[in-house]
Structures are given as C-alpha cells and as structure tokens.
**Student:** 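Pasting in a structure now, in structure tokens, and then I'll have a few things to ask.
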2 protein chains.
Amino acid sequence: MSVTVKDVARVAGVSTATVSRALRGFETVDPAIRQHVQRVAERLNYVASPAAAALSTGRAGSVGVITPFVNRLAFQRMLAGIESVMRGTEMDLLLYCTGDPSDPHPVPPRKRLARRVDGFIVLSLALHSPDVEEISKLNMPVASFGEQGPWGSNVQVDDRAGANTATEHLIEQGHTRIALIHGRDAHDPGVLEHQRYLGFREAMARAGLPVDPSLVIPGDFTIAGGARAMSILLESTERPPTGVFAFSDEMAYGAIRVMRERGLAPGRDIAMIGFDGHETSSLLDLSTISVPFEEIGATTARKLLDEIEGVAVGASGVTVLPTELTVRASTVPHPVTRP
Amino acid sequence: MSVTVKDVARVAGVSTATVSRALRGFETVDPAIRQHVQRVAERLNYVASPAAAALSTGRAGSVGVITPFVNRLAFQRMLAGIESVMRGTEMDLLLYCTGDPSDPHPVPPRKRLARRVDGFIVLSLALHSPDVEEISKLNMPVASFGEQGPWGSNVQVDDRAGANTATEHLIEQGHTRIALIHGRDAHDPGVLEHQRYLGFREAMARAGLPVDPSLVIPGDFTIAGGARAMSILLESTERPPTGVFAFSDEMAYGAIRVMRERGLAPGRDIAMIGFDGHETSSLLDLSTISVPFEEIGATTARKLLDEIEGVAVGASGVTVLPTELTVRASTVPHPVTRP
DNA sequence: GTGAAAGCGCTAACAC
DNA sequence: GTGTTAGCGCTTTCAC
C-alpha cells in the first residue's frame, strides 16, 4: 500500500531494526548510517505508521481533551492554550465531548477513551459525573482543570476568592440588593460553580447582607440563559436587584441584552459584573473577574505531558492560577463624556 | 498488559475470529454466540485496541480537522458543528493547527498528518498554502470549507454575494466614502477573503463609487487588528470614512472599541457592518452578514464521512450555504428611545 | 553497532 | 457458522 520500514531498509541496505533506530535518532547507530537512512527515508517519503508504532510500543502518541462543551468561549481559550503546547510535541490532540447533561451519550465513554491516548486533559467536568469515574478507572495519566479529581495533576483558579471579590466590589459600590445568575446547581457541592457560590455567600454574609433566594437564578452558562435569568429578575421580582453578579461573562451578555431591550443601562440602572474576562467583555464595558484561560490550558497540557513522560509520576500537584478584578463601566459608571 | 481478544476468546470458549466478528455485530455469527461473547467481553471490561484494529484493517478510525486558527469564533462554531456530527460516530476527532503564517511549523505537516486519520476536514486554508498541497498529496478523503481545493467535497458560503450585500447596504444608507477592513491580502486571488473583496468592489463600482486605497486597511481578522485598522482610518486619513465594512465581526469589535474611545458612536457617527454573524454582535448592535458556521461544520463533517464510507466516492460536490444580512443599529440607527 | 526474529492485538482469507 | 492461520508495520530483545 504505502512505503514501509522494509522498503527503507531494503533501499538503504540495512535491517529494519536499524532503520527504526536511525529514524528515531538513537545514539547507538553509526552517525554515517543514521544520516544515510534518514536521507533514504526522506527520499522515499517514508512516514512511520502510527498505528503500528503504537501497537508495538504500547504508547498511543496522542492525548485526549475531554470537556462537556465546545461552544463556550472559555473552552476555546483553553483549547488554544493546549494547542500551543501540543504543537511543540509529536503528539496528536484528540477531542472528546462528554458530560454534557443534555446528551444521553450513545457510546459509553470508556469505549471511546480507552487505549486511544496516552493521557487525558479533563476540562471542567463535574466531580461526580459518571465520566470522571470512568476516566479514573482507566488508570491513565490525567491532568485536569477545575475541581481536583481522584488524580494527581490539577489546575485551578481560586473561584471562591474571585466570586468573593466580585461580590465585594458590588457591595463597595453601595449595592445591597444583589442578584446572582449562576449556571445550574450552584448549591450542589459536587459542582464546579459551587466554589463561586460560596465566595458570593461569604462576601454577602461578611457585609451582613441577606441572600434573597428569589434573586438567585440559573442561567445555564449561555447567553440565552443569561437573558432568561435577567427577564425573570426584572419581571417576576417585586423589587428588582440593583446589582447583578453573573457566573460567566456570557450570561452577563444575555442579561445586558435584556436590560437594554427595556431601556436599562448596565452601570447606570443596574450594576452588572461577570466572570471569565473574555475579550468581548471590554467592548460591552462589562466589569468581570478575568481568568487566564489560555494559561490554564497550556499549564494543564504541560502537566499532562510531564505525567506521561514520567517526570512527575502520580502527581505534579495542584497549580492555582490567579484571577483579577477588571472594573469597567457596568459597575462603575465613570463620568466620561459619552455622547 | 490489558485484556485482549484472546482472553475473551478463551473465557467465552470460542476463537478470536468469532470474538472479533461477534463484537462488531456481524450477521454471520450465531445470535446466541454473539450475545454470549458480548456478555463476556462486557464482563471482562474488554475494549479492542484501536491501534491493532487500525493496523489490521488499514483504517485509522478517526478524522482530522485542519485549521490555521483555533482562537477565532468562526472556528469554534464550526468545530461545534463538526463535533455534533462526529459524536454519532465511532470515529475520533483529531485537531491539527497549521497554516498559521506566523508559525514556522517545526514538524512538517505531512509527517503529522499521514496515516493517522481516514480523512481530513480542512477549514479555511488558503488555497496556495503549502499545507493544501501536502494534504492533497496524501491522497485521502478530504472535505473542506472555503475555497475548493484539488479535492471533491467542499462547503462554501457565497462570500462574494455577502460582501456585495454588505456594501450595498452601506451605500443604500447614503454612504459614499466607505472604508474596508480586510484580513491580510484581500487583493491576492489565492486567498479566501478575495471573494469578499470582489463583492465589495463590485458593489462600489455598480454604484459608481471609487475605492480609495487609503481606506482599505488590513485587520488580521482579530479584535486587536480591527482596532489598529480603525485607528489608522481615524488618524492618518485626512477625511475619515462615513461607513466601514469589516471582513469579520471580530475586527468590527475592535473598530467599535476605538470609535467609542474617541467618543464616536457606531451608526451615528460612522456606520459599521461586519461579517460572520456571531452571537455577541447582537449585543453590540452590530449589523453583519450572518454565516451559519455551525451548519458549515456539520455539513463538512457529513461530507467527509460520506467520502470515507465510499458513499460519495471522489466528490460529493460543492454545497453553497446562504448568508444573510442582519441589520442593526450600527448601520441603521433607529429612533428607539435609548437613554 | 547491527541483524534476525519474535511479538504487539487485531482482522480477514480460507478451509472446514 | 466457526476455527486456523497469516499477516498489518512497527519495535525490541538477544545474539553476533
């Protein structure tokens, strides 16, 4: 079918073993021969079959990225970071979408994941999701972003502190009636966003402010969901909030849209702060907690590679990356002449 | 190391061939035996080694997505579409970033791509890029979005018509001094955006309007690039344009940011229209040409699968997806009471 | 330093 | 229908 080691060996006048060694740059090969073999391989346009190599070595030569969502800005930014690291590697990048609660996965994850890769990068999977269990059963190198699972390597941001800061910021601006747009089940301790919820509650408690349950609305982490949440806040609440903290910039976008549709201006009528720090948020003058997602992706990827290489067997530990409060006009309407 | 066909065969009391056939649901296996084998495999937690299967069948069991950029909204949306199709498949999804002019790829693409996948989804690669050549040399199933390469299956949007419509829209609003923020080399016929450029020129010509070269600025398809372009338009031009057409929403975002920083409002002071129709554009009241990227991704993926299955050998042809003009306040400032 | 040969785990002829 | 057997293309002992 295509050119194999044998062909290269024959043409180069050496054994297949030597070809294999030469092409992988082993020191134990006579430099002259190595060069010769490489040249022949080049000329023959030889590329080793990854499948055969994988079968023989037991290493797949690739890593898998597992995430519940591909259509979120945070994912895109993490993927960019991962890609930038993997690019310098010989390894392939596989993408697995799973854990999306709305998808009753037809193919059981284990079957998809096992044996195909040398390790996994797990992004933002809920801790108690069945997939997490499957993955850890696979007993392979794993590096994750989000809550630390039953594996060693993990990257986090201090969601709790970030949420705390965001809430404090609203409080400092004089708001006492603060609404929360969370994702799905912020109250559930097994869920990623729970940390943010804790941070929110803490800040409120510290300021002696009550958390009005009718002001805590799910927004599904999407723009549309954020819009729905804001509609609820504006309609079905007798007394609307004066400040809103959304657990993601995207939900804040939706909320802002709804506000505008009703002639309300973020920052002037209702203060709004998001979480994520996406680039588009600066255009909307949205205050937010900036999260270094690109760096998160890159760091997670590097950790996984270390684990695979055996550099950090078992655990390269937890890395906590900082978040940062970015203040814009949606919380602090500055007196800029804005025609 | 782990459980293999042999183990299953031994436990089930049949041959490895039967195991293989049973597990893949062949009709030629006694239903009772098939069930039995499946049960045993299940109990043993057996998962076939993809590497071995690939080596044996000559099929990799995966498809590769090739794109020059991962950090663009358009890519994310196409990827979401691709993923939604691949999810229903047994195939893996590999991601290759290449063709980014700023990256002197250290690993030659051919070596990365050959033999690893059963086919490629090629997104937005410039026609004359070396990668395109490499890919077609590989002689594998390919489905692409963008300009039609030397392969059969292709998905496009009518960029020319879209750009035409956008430009016409500005002209209809009474603009005669219209600036263009393109990506890199709109003049180069081998480049994707060239079609948009043609559409722009046509509309201008038809209206008898001149294309002022000093109003044609590259923006690199990024927010930052769009901002730079707008700065140039506002500063180094004696007479700024009254209307701006950006070849991507993202560049329009940057342009809008710069306008705002100078107290200018899109739609009121300068009309602005983008291209892509991303969700965030509605928040910025940005008029745009909406492109169905999710559908593009899904359609391209389906075409590739067809090619791989042999359903559409050689060429499933070209599919042109429609774009749509979305008018918002950045070009038609409606008299809405906007406090 | 290099070659011969035995796998890696699966599939596909071919024979029964 | 099912089993036997010969690979798929590479890597890797183990001799030399």
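Note that these values count all heavy atoms, side chains included, but never hydrogens, waters or copies made by symmetry.
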**Student:** For B/Leu95, check side chain to side chain contact (heavy atoms under 4.5 Å, CB included) against everything at least two apart and list the hits.
**Tutor:**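 Once residues adjacent in sequence are excluded, the partners of B/Leu95 under the side chain to side chain contact (heavy atoms under 4.5 Å, CB included) criterion are A/Leu79, A/Leu93, B/Val65, B/Phe75.
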**Student:** Taking only residues two or more places apart in sequence or in another chain, which ones pass salt bridge (charged side-chain N to carboxylate O under 4.0 Å, His left out) with A/Asp118?
**Tutor:**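 Applying salt bridge (charged side-chain N to carboxylate O under 4.0 Å, His left out) to A/Asp118 gives none.
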**Student:** If you look only at distance, which donor and acceptor atoms sit under 3.5 Å apart when one is on a side chain in residues 43-50 of chain A and the other is two or more places apart or in another chain?
**Tutor:**
residue : atom : partner  : partner atom : Å
A/Asn45 : OD1  : B/Arg110 : NE           : 3.3
A/Asn45 : OD1  : B/Arg110 : NH1          : 2.9
A/Ser49 : OG   : A/Ala51  : N            : 3.4
A/Ser49 : OG   : A/Ala52  : N            : 3.0

**Student:** Rounded to whole angstrom units, what separation is found between the CG atom of B/Leu55 and the P atom of D/dA6?
**Tutor:**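 Going from B/Leu55 (CG) to D/dA6 (P), I get 17 Å.
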**Student:** Please give the angle, rounded to 10 degrees, between the axes at the start and the end of the helix from C/dG1-D/dC16 to C/dC16-D/dG1, where five pairs define each axis.
**Tutor:** 30°
**Student:** Rounded to whole angstrom units, what separation is found between the CZ atom of B/Arg10 and the P atom of C/dG9?
**Tutor:**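 Computing the B/Arg10:CZ to C/dG9:P distance gives 13 Å.
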**Student:** For residues 24-32 of chain B, dump all side-chain donor-acceptor pairs below 3.5 Å to protein atoms at least two apart in sequence or in another chain.
**Tutor:**
residue : atom : partner : partner atom : Å
B/Arg24 : NE   : B/Ser20 : O            : 3.4
B/Arg24 : NH2  : B/Ser20 : OG           : 3.3
B/Asp30 : OD1  : B/Ala32 : N            : 2.7

**Student:** Identify, with sequence neighbours excluded, every residue that meets side chain to side chain contact (heavy atoms under 4.5 Å, CB included) alongside B/Pro189.
**Tutor:**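 Once residues adjacent in sequence are excluded, the partners of B/Pro189 under the side chain to side chain contact (heavy atoms under 4.5 Å, CB included) criterion are B/His194.
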**Student:** Do nucleotides 11-16 of chain C as a string where each nucleotide becomes B, S or -: B if the base has a protein heavy atom under 4.0 Å, S if just the sugar-phosphate does, - if no protein is that close.
**Tutor:** BBB---
**Student:** Output side-chain donor-acceptor pairs under 3.5 Å for residues 11-18 of chain B, partner residues at least two apart or in another chain, one line each.
**Tutor:**
residue : atom : partner : partner atom : Å
B/Ser15 : OG   : B/Ala17 : N            : 3.4
B/Ser15 : OG   : B/Thr18 : N            : 3.3
B/Ser15 : OG   : B/Thr18 : OG1          : 3.2

**Student:** How would you list all residue pairs meeting salt bridge (charged side-chain N to carboxylate O under 4.0 Å, His left out) that involve residues 5-23 of chain B, not counting sequence neighbours?
**Tutor:** B/Asp7-B/Arg10
**Student:** So, A/Arg184 side chain and A/Val191 main chain: donor-acceptor pair closer than 3.5 Å or not?
**Tutor:**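 It does not hold such a pair.
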**Student:** Among pairs that include at least one residue of residues 139-154 of chain A, which meet salt bridge (charged side-chain N to carboxylate O under 4.0 Å, His left out), considering only residues two or more places apart or in two chains?
**Tutor:**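 Sorted result for residues 139-154 of chain A: empty, none.
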**Student:** Going by number, which of residues 28-37 of chain A have a non-hydrogen atom under 4.0 Å from DNA chain C?
**Tutor:**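 Close to the strand are A/Thr28, A/Val29, A/Asp30, A/Ile33.
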**Student:** Excluding sequence neighbours, so at least two apart, what forms side chain to side chain contact (heavy atoms under 4.5 Å, CB included) with A/Glu294?
**Tutor:**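 In terms of side chain to side chain contact (heavy atoms under 4.5 Å, CB included), with neighbours along the sequence ignored, A/Glu294 is linked to A/Arg77.
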